[in-house]
Amino acid sequence: MTTTPDLTGMEQERLRAHVAEVLTRARSRSTALTDAVDDDDLTRQHSRLMSPLVWDLAHIGNQEELWLVRDVGGRDPVRQDIDELYDAFKHARVDRPALPLLGPAEARGYVNEVRDKVLDVLDHAVLEGRPLVEGAFAFGMIAQHEQQHDETMLATHQLRAGAPVLDAPAPPRGRRLPAAEVLVPAGPFTMGTSTEPWALDNERPAHQVQVDAFVIDVAAVTNADYAAFIDAGGYDDPRWWSVPGWAHRQDTGITAPRFWTRIDGAWWHRQFGVPQPLALHQPVVHVSFHEAAAYAAWAGKRLPTEAEWEKAARHDPATGRSRRYPWGDEDPGPQHANLGQRHLAPAEAGAYPAGASPLGVQQLIGDVWEWTSSDFHPYPGFAPFPYDEYSLVFFGADYKVLRGGSFGTDAVACRGTFRNWDYPIRRQIFAGFRCARDPRAEELG
Ligand code: AVJ
Ligand code: FE
């Protein structure tokens with residue numbers, strides 16, 4: 001952890017107000033996502049990949065109780081008897097509906113009771129002196145945790161059958177891109193962070209990485225681009241697929257992204273229960289790593305490595321510094337990126353020119369998580385903090401890293417350094433991709 005200089009009383013108050021704001025924002029979202037459906041919908045399992053929504057809700061409260069009521073606050077437990085039910089490592093998602101879970105009313109009462117205590121803990125906590133509370137880290141971690149589950153609950157909504165219950169204004173329209181690709185020259189950059197106060201353990205520490213020159217797409221691969229791959233027979237040609245990717249394609253029989261159907265020759269996709277003609281200029285979403293890698297191979301390109309993605313997103317060639325975000329160090333605003341479930345779809349390519357990186361790469365933050373070619377490994381000098389089960393137990397070649405956040409990700413849980421991961425076969429998350437490639441000799445001049 002970093003050490004911040006002693007905070008003045010005024011800085012402590014500003015930090016407390018910020019914590020209260022992000023906790024409240026997370027809770028409004030959890031409430032909206034769970035109030036949108038009836039008790040039967042809350043307790044049923046909409047997909048074997050997902051928990052019942054009522055499990056996510058009480059799990060959010062239980063993590064908050066463990067870290068903020070008991071650990072930071074040193075207070076008595078609220079419901080120690082339910083710790084085991086809401087421990088994600090004790091019961092697989094598929095088994096959760098059969099557990100004696102809190103019902104919807106109990107779960108709501110529980111999270112409210114925990115939150116009341118937490119706001120009281122926040123009033124009295126000293127936000128420095130101990131790594132867990134330094135810069136209000138534990139509060140930021142819990143706000144991020146709730147928002148991560150809010151994105152998971154949004155993915156459950158996307159899987160849910162039945163009449164639509166969520167509504168939001170359409171994302172902004174796209175604009176013409178100044179270029180299709182950008183060359184990122186060779187050179188070192190600083191990957192990860194040692195200073196971002198609420199960065200999670202796997203984003204730390206900051207370290208220098210040497211990156212060869214590469215070319216990266218200005219925008220993510222769109223639905224129209226992806227449909228061209230399908231029309232070209234991409235799903236039937238093993239040349240484009242890795243060995244495990246082709247085996248997965250054969251085993252599952254997939255022929256298009258999740259939620260796509262072809263009706264009388266035209267593609268439609270379902271967004272939160274609403275069938276729509278395929279939005280051609282929106283980034284493709286609900287594709288697996290294997291599908292992303294196959295598309296890239298067909299296009300004569302490849303997925304970026306995690307280091308390439310982060311260099312494209314953060315490196316400022318003018319100063320040599322790594323920025324917090326592509327547009328600078330400023331927190332994300334609605335002009336920069338499609339984050340925070342303000343819209344329930346990714347925005348078209350070119351919709352956020354104000355969010356471009358110094359070299360002109362667009363929409364790296366928000367819209368869709370972007371698959372990278374990298375396995376999920378710790379950075380040199382990694383130390384688990386504050387618990388092994390956030391990152392440590394997931395490191396290894398089973399998971400691929402995704403970057404940048406989606407329209408379903410809140411700003412508190414999205415940074416230029418933020419690392420997400422999932423199995424390469426998963427499609428229920430809001431994941432798309434952009435392509436990269438090695439430069440041609442003449443491009444290096
Ligand atoms: C970082 C999104 C992979 O949802 O499994 C939530 C976040 N960790 N509760 C997940 C998380 C513990 C995690 N991901
Ligand atoms: Fe969790």
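Only a predicted model underlies this, so the values are computations on that prediction, with no experimental measurement involved. No hydrogens, no waters, no symmetry mates; every other heavy atom, side chains included, goes into these values.
Minimum interatomic distance between A347 and D367 (heavy atoms only, all atoms of both residues): N-OD1, 2.8 Å. H286 and R427 get closest at one heavy-atom pair: ND1-O, 2.9 Å. Considering all non-hydrogen atoms of both residues, G192 and R314 come closest at O-NH1, 3.2 Å. V285 and P346 make their closest contact through CG1-CG, 4.5 Å (heavy atoms, listed as atom of the first residue, atom of the second, distance). Nearest approach of Y110 to N62, heavy atoms of both residues: OH-CA, 3.1 Å. What you find for I365 and P326 is that their closest heavy atoms are CG1-CD, 3.5 Å.
The main-chain N or O of P77 is never found under 3.5 Å from a side-chain atom of Q80 such that the two would form a donor-acceptor pair. Checking side-chain atoms of R16 against main-chain N and O of L122 turns up a donor-acceptor pair under 3.5 Å. Within the 3.5 Å criterion, the main-chain N or O of L280 finds no donor-acceptor partner in the side chain of N223. Panel note: side chain H290, backbone I425; no donor-acceptor pair is recorded below 3.5 Å. In this structure a side-chain-to-backbone donor-acceptor pair under 3.5 Å is missing from R440 to E443. With Y423 contributing its side chain and S288 its backbone, the two residues share no donor-acceptor pair below 3.5 Å. Between the R93 side chain and the L49 main chain, a donor and an acceptor come within less than 3.5 Å of each other. Side chain of E65 to backbone of R79: a donor-acceptor contact under 3.5 angstrom is found. Counting only distance, with no hydrogens or angles, the side chain of S357 and the backbone of V361 share a donor-acceptor pair below 3.5 Å. For H157 (side chain) and L33 (main-chain N/O), a donor-acceptor pair under 3.5 Å exists by modelled atom type.
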Could you please spell out the steps behind the side chain to side chain contact (heavy atoms under 4.5 Å, CB included) verdict for F376 and D398? CA-CA 8 Å; F376 185 45; D398 288 349; over 6 Å; no

Yes or no on side chain to side chain contact (heavy atoms under 4.5 Å, CB included) for K400 and W421, after CA distance, side-chain angles and deciding distance? CA-CA 5 Å; K400 292 292 180 185; W421 64 94; over 6 Å; no

Where do S406 and E151 land on the side chain to side chain contact (heavy atoms under 4.5 Å, CB included) test, with the steps shown first? CA-CA 9 Å; S406 78; E151 182 166 355; 2.8 Å; yes

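By the 30° and 60° cut-offs, the orientation of the rings of W369 relative to F418 is tilted. Ring geometry for F229 against W241 counts as tilted: the plane angle lies between 30° and 60°, on a 0 to 90° scale. Between F289 and W371, the angle of the ring planes goes over 60°, which puts this pair in the perpendicular group of the 30/60° scheme. Using cut-offs of 30° and 60° on the angle between ring planes, the pair W260 and H269 is perpendicular. Ring planes of F272 and F407: perpendicular class, angle over 60° (limits at 30 and 60°). Ring geometry for F382 against F395 counts as perpendicular: the plane angle is over 60°, on a 0 to 90° scale with 30° as the lower cut.
For the residue pair H149/D56, the side-chain donor-acceptor check at 3.5 Å is satisfied. Residues E291 and Y235 have side chains that bring a donor and an acceptor to within less than 3.5 angstrom of each other. Remark: the Y295 side chain and the Y226 side chain contain no N/O donor-acceptor pair separated by less than 3.5 Å. Using modelled atom types, one finds a donor on one side chain and an acceptor on the other under 3.5 Å when comparing W309 with E370. If you check the side chains of T372 and R403, you find no donor sitting under 3.5 Å from an acceptor. For the residue pair Q144 and R415, a side-chain donor N or O sits within less than 3.5 Å of a side-chain acceptor on the partner. With 3.5 Å as the limit, one finds a donor-acceptor pair spanning the side chains of Q147 and R29. No donor-acceptor contact under 3.5 angstrom links the side chains of E203 and Y379, judged on distance only.
A salt bridge links R25 with D410: the closest approach of a Lys/Arg side-chain nitrogen to an acidic carboxylate oxygen falls below 4.0 angstrom. A salt bridge links D329 to R321: at least one charged side-chain nitrogen sits closer than 4.0 Å to a carboxylate oxygen. A salt bridge is absent between K311 and E308; no separation between the charged side-chain nitrogens and carboxylate oxygens falls under 4.0 Å. Taking the charged nitrogens against the carboxylate oxygens, E84 and K90 have no contact shorter than 4.0 Å, which rules out a salt bridge. The pair E134-R130 does not meet the salt-bridge criterion, since no charged nitrogen lies less than 4.0 angstrom from a carboxylate oxygen. For the pair E306 and R419, the salt-bridge criterion is met [side-chain N within less than 4.0 Å of a carboxylate O]. Between E11 and R14, no side-chain nitrogen of the basic residue sits less than 4.0 Å from a carboxylate oxygen of the acidic one, so the salt-bridge criterion is not met. Ion pairing of D120 with R75 is present here, as a side-chain N (NZ or NE/NH1/NH2) and a carboxylate O approach within less than 4.0 Å. Residues R70 and E64 are not paired through a salt bridge, judged by the lack of any N-O separation under 4.0 Å between the basic side chain and the carboxylate. Ion pairing of R204 with E196 is absent here, as no side-chain N (NZ or NE/NH1/NH2) approaches a carboxylate O to less than 4.0 Å.
A distance of 8.5 Å separates CG of L278 from OG1 of T222, quoted to the nearest 0.5 Å. Put simply, CD on Q363 and CG on D217 are 12.5 Å apart, with the number rounded to the nearest 0.5 Å. Here CG of L66 is found 8.0 Å from CD1 of I142. Values are rounded to the nearest 0.5 Å. The distance from atom CG of L303 to atom CZ of R434, rounded to the nearest 0.5 Å, is 11.5 Å. One finds the CD atom of E13 at 9.5 Å from the OG1 atom of T8 (value rounded to the nearest 0.5 Å).
A side chain to side chain donor-acceptor pair (under 3.5 Å) with T190 is found for one member of H207, Q208, E310 and no other, namely Q208.
You'll find the side chain of Q341 reaches within 4.5 Å of the side chain of L154, heavy atoms only. The shortest side-chain heavy-atom distance between E146 and S30 falls under the 4.5 Å cut-off. A heavy-atom distance below 4.5 Å is not found between the side chains of F139 and L15.
Not counting sequence neighbours, the partners of H336 by the ring pair (Phe, Tyr, Trp, His ring centres under 6.0 Å) test are W327.
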What donor-acceptor contacts under 3.5 angstrom involve side-chain atoms of residues 175-186, with partners at least two apart or in another chain?
from : atom 1 : to   : atom 2 : distance (Å)
E181 : OE1    : R437 : NE     : 3.4
E181 : OE1    : R437 : NH2    : 2.7
E181 : OE2    : K301 : NZ     : 2.6
E181 : OE2    : R437 : NE     : 3.1

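The aromatic ring centres of H18 and W198 sit less than 6.0 Å apart.
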